[in-house]
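First the structure, in the form of structure tokens, and then the observations on it.
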2 protein chains.
Amino acid sequence: MLSQKTRYAIRALQHLADHYAQGPVPLTDIAEKQNIPSKFLTVILSELSREGLVATQRGRDGGYWLALSPIDISYGDIVRLTRGSLALVPCASRFAHEQCKNCLPEEECRLHRVMLRVRDEMAGVLDSISLAEQFAV
Amino acid sequence: MLSQKTRYAIRALQHLADHYAQGPVPLTDIAEKQNIPSKFLTVILSELSREGLVATQRGRDGGYWLALSPIDISYGDIVRLTRGSLALVPCASRFAHEQCKNCLPEEECRLHRVMLRVRDEMAGVLDSISLAEQFAV
DNA sequence: ATATAATTCTATTATTTTAATAGACAATAG
DNA sequence: CTATTGTCTATTAAAATAATAGAATTATAT
């Protein structure tokens with residue numbers, strides 16, 4: 001499952017995509033429209049900003065906006081960024097590969113091989129849909 | 001991510017598949033060969049037995065074995081059984097559907113639609129591989 | 001019958017992760 | 001200058017996960 005935080009992050013980004021190139025969107029707007037606790041959203045957006053996915057401006061008339069065009073942000077990117085990996089097990093991650101705890105040696109582990117397939121399929125879907133797809137899917 | 005418990009469950013079942021039709025396999029064997037804490041495996045196997053996926057016999061020479069032929073147990077079945085659902089968000093589950101917390105109405109939620117696609121792809125892979133596939137993938 | 005080897009059950013504890021909140025600080029527009 | 005808005009660091013709360021403990025039960029061989 002995606003964590004609540006990841007779900008919030010995705011919906012916040014969708015909201016920003018909907019207002020792309022319309023100037024800074026204040027956090028309060030996002031929180032209200034998307035039904036996200038605003039203090040928590042603060043934490044989430046600050047992280048996304050540190051990661052370079054959103055740009056920000058402080059002060060009056062400030063807010064957040066996408067640092068890239070919606071079409072250049074895929075769901076795969078977002079998930080990798082917010083939870084580290086698309087994979088369902090640590091050893092099946094392409095970019096954040098690590099050994100699973102208490103497992104067999106990787107080359108003997110059948111689960112490993114199954115999960116590599118699953119990860120590839122998931123990547124296929126998630127990397128093919130961007131924030132620009134309003135009615136995607 | 002799959003939980004550690006789910007990973008243990010899958011590897012335990014794979015072990016049983018490897019010894020299918022060879023009589024009861026004692027828990028201790030599985031725990032040692034698969035590197036799973038034995039008391040924890042106790043809990044896991046009892047659950048799998050209650051779910052009807054493995055059969056058991058107590059007492060001397062007792063142990064666990066698969067209640068079905070390995071070819072009739074898919075990875076999809078196991079994941080659904082141990083974590084309730086294949087889906088990455090509650091609202092995208094086919095059999096355990098529920099509303100995501102703090103979300104928008106489902107028909108407005110774009111994440112919902114994306115995640116339905118992902119679930120279908122995952123199901124495609126996981127339901128097509130069974131415990132009989134030794135070198136699957 | 002009895003000893004032994006095994007699972008089962010219920011409860012509890014420990015650990016980790018996730019979610020949420022608080023409050024002081026910094027920047028900007030007007 | 002002041003109101004508005006994001007930033008940062010820390011803390012707390014809550015939930016999920018992982019692991020353990022120990023008594024009870026069952027089956028088998030002898």
Side-chain angles (χ1 to χ4, degrees), chain A residues 1-12 16 23-32 34-67 79 82-85 88-90 98 100-103, chain B residues 1-12 16 19 23-32 34-67 82-85 88-90 98 100-103:
Chain A
M1 286 274 174
L2 302 182
S3 68
Q4 183 74 339
K5 187 173 173 186
T6 296
R7 298 201 290 264
Y8 287 154
I10 293 176
R11 286 195 289 115
L16 293 180
V25 182
L27 184 139
T28 321
D29 284 11
I30 308 176
E32 275 174 19
Q34 295 293 328
N35 191 23
I36 301 174
S38 67
K39 269 295 190 181
F40 197 24
L41 185 54
T42 281
V43 174
I44 293 167
L45 285 173
S46 298
E47 278 176 24
L48 292 174
S49 146
R50 249 174 276 133
E51 314 269 10
L53 215 52
V54 308
T56 66
Q57 188 173 27
R58 288 180 170 189
R60 182 163 166 183
D61 298 333
Y64 298 86
W65 63 95
L66 288 188
V79 173
T82 56
R83 64 197 298 266
S85 166
L88 293 186
V89 294
E98 55 183 299
C100 300
K101 201 191 148 203
N102 272 51
C103 200
Chain B
M1 286 275 172
L2 300 183
S3 68
Q4 183 75 338
K5 188 175 173 184
T6 297
R7 298 201 290 263
Y8 287 154
I10 293 176
R11 284 195 290 114
L16 293 180
H19 298 83
V25 183
L27 184 140
T28 323
D29 284 12
I30 308 176
E32 275 172 19
Q34 295 292 329
N35 190 23
I36 302 174
S38 66
K39 270 294 190 181
F40 198 23
L41 185 54
T42 282
V43 174
I44 293 167
L45 285 174
S46 299
E47 279 177 23
L48 291 175
S49 145
R50 249 174 277 133
E51 314 268 12
L53 216 51
V54 309
T56 67
Q57 187 172 26
R58 289 180 168 189
R60 180 161 169 182
D61 297 332
Y64 298 86
W65 65 95
L66 288 188
T82 56
R83 63 194 301 263
S85 166
L88 293 186
V89 293
E98 55 183 297
C100 300
K101 200 191 149 204
N102 273 51
C103 199

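Below, each value reflects all heavy atoms present in this structure, side chains not excepted, and no hydrogens, waters or symmetry copies. Just so it is clear, the model here is predicted, and its values are computed rather than measured.
Rounding to the nearest 0.5 Å places CE of Met1(A) at 7.5 Å from CZ of Arg7(A). Interatomic distance, CG of Leu41(B) versus OG of Ser46(B), reported as 9.0 Å (0.5 Å rounding). To the nearest 0.5 Å, atoms CG (Leu88(B)) and OG (Ser3(A)) are separated by 11.0 Å. The structure places CG of Asn35(A) at 11.5 Å from SG of Cys100(B), a figure rounded to the nearest 0.5 Å.
Distances from the side chain of Arg58(B) to the nucleotides dT26(D), dA19(D), dA18(D) place dT26(D) closest. Out of dT20(D), dT8(C), dT18(C), the shortest distance to the side chain of Ser3(A) is found at dT18(C). In this structure, of dT4(C), dA29(C), dA18(D), it is dA29(C) that holds the atom nearest to the side chain of Arg60(A). Comparing dA19(C), dA20(C), dT8(C) by their closest approach to the side chain of Pro37(A) singles out dA20(C).
A side-chain donor-acceptor contact under 3.5 Å links Gln4(A) to the backbone of Lys101(B).
Phosphate contact (OP1/OP2 of dT8(C), side-chain N/O of Tyr64(B), threshold under 4.0 Å): present. Considering only side-chain N and O atoms, Arg50(A) lies nowhere under 4.0 angstrom from the phosphate OP1 or OP2 of dT7(D). Residue Ser46(B) has no polar side-chain atom (N or O) positioned under 4.0 Å from OP1 or OP2 of dT7(C). The phosphate of dG6(D) has neither OP1 nor OP2 within less than 4.0 Å of any side-chain N or O from Ser49(A). Contact annotation: Tyr8(B) side-chain N/O to dA19(D) OP1/OP2 distance is under 4.0 Å.
Summary of the strand contacts: Thr28(B) and Phe40(A) both lie near DNA chain C, and taking for each the nucleotide with the nearest heavy atom, the more 5' one is attributed to Thr28(B). Nucleotides of DNA chain C nearest to Asn102(B) and Leu45(B) differ in position, and the one nearer the 5' end is that of Leu45(B).
Counting to the nearest Å, the P atom of dC25(C) and the NZ atom of Lys39(A) are 13 Å from each other. As a whole-Å value, the separation of Asp61(B) CG from dT30(D) C1' is 13 Å. The CD1 atom of Ile36(B) sits 18 Å away from the P atom of dT17(D) (whole-angstrom rounding). A straight line from CD of Glu47(A) to C1' of dC8(D) spans 12 Å, rounded to a whole angstrom. Atom C1' of nucleotide dT5(D) and atom CH2 of Trp65(A) are separated by 12 Å, given to the nearest angstrom. If you measure from atom CD1 of Ile30(A) to atom C1' of dG6(D), you get 11 Å, rounded to the nearest angstrom. Separating the NZ atom of Lys101(A) from the P atom of dA18(D) is a distance of 8 Å, rounded to the nearest angstrom. Atom CD in Gln57(A) sits roughly 18 Å away from atom P in dA26(C) (whole-Å rounding).
Counting any heavy atom pair closer than 4.0 Å across all strands shown, Arg83(B) reaches no nucleic acid atom. Residue Arg7(B) is out of contact with every strand shown, counting any heavy-atom pair closer than 4.0 Å.
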For Leu45(B) and Thr56(B): C-alpha separation, side-chain torsions, deciding distance, then whether side chain to side chain contact (heavy atoms under 4.5 Å, CB included) applies. CA-CA 9 Å; Leu45(B) 285 174; Thr56(B) 67; over 6 Å; no
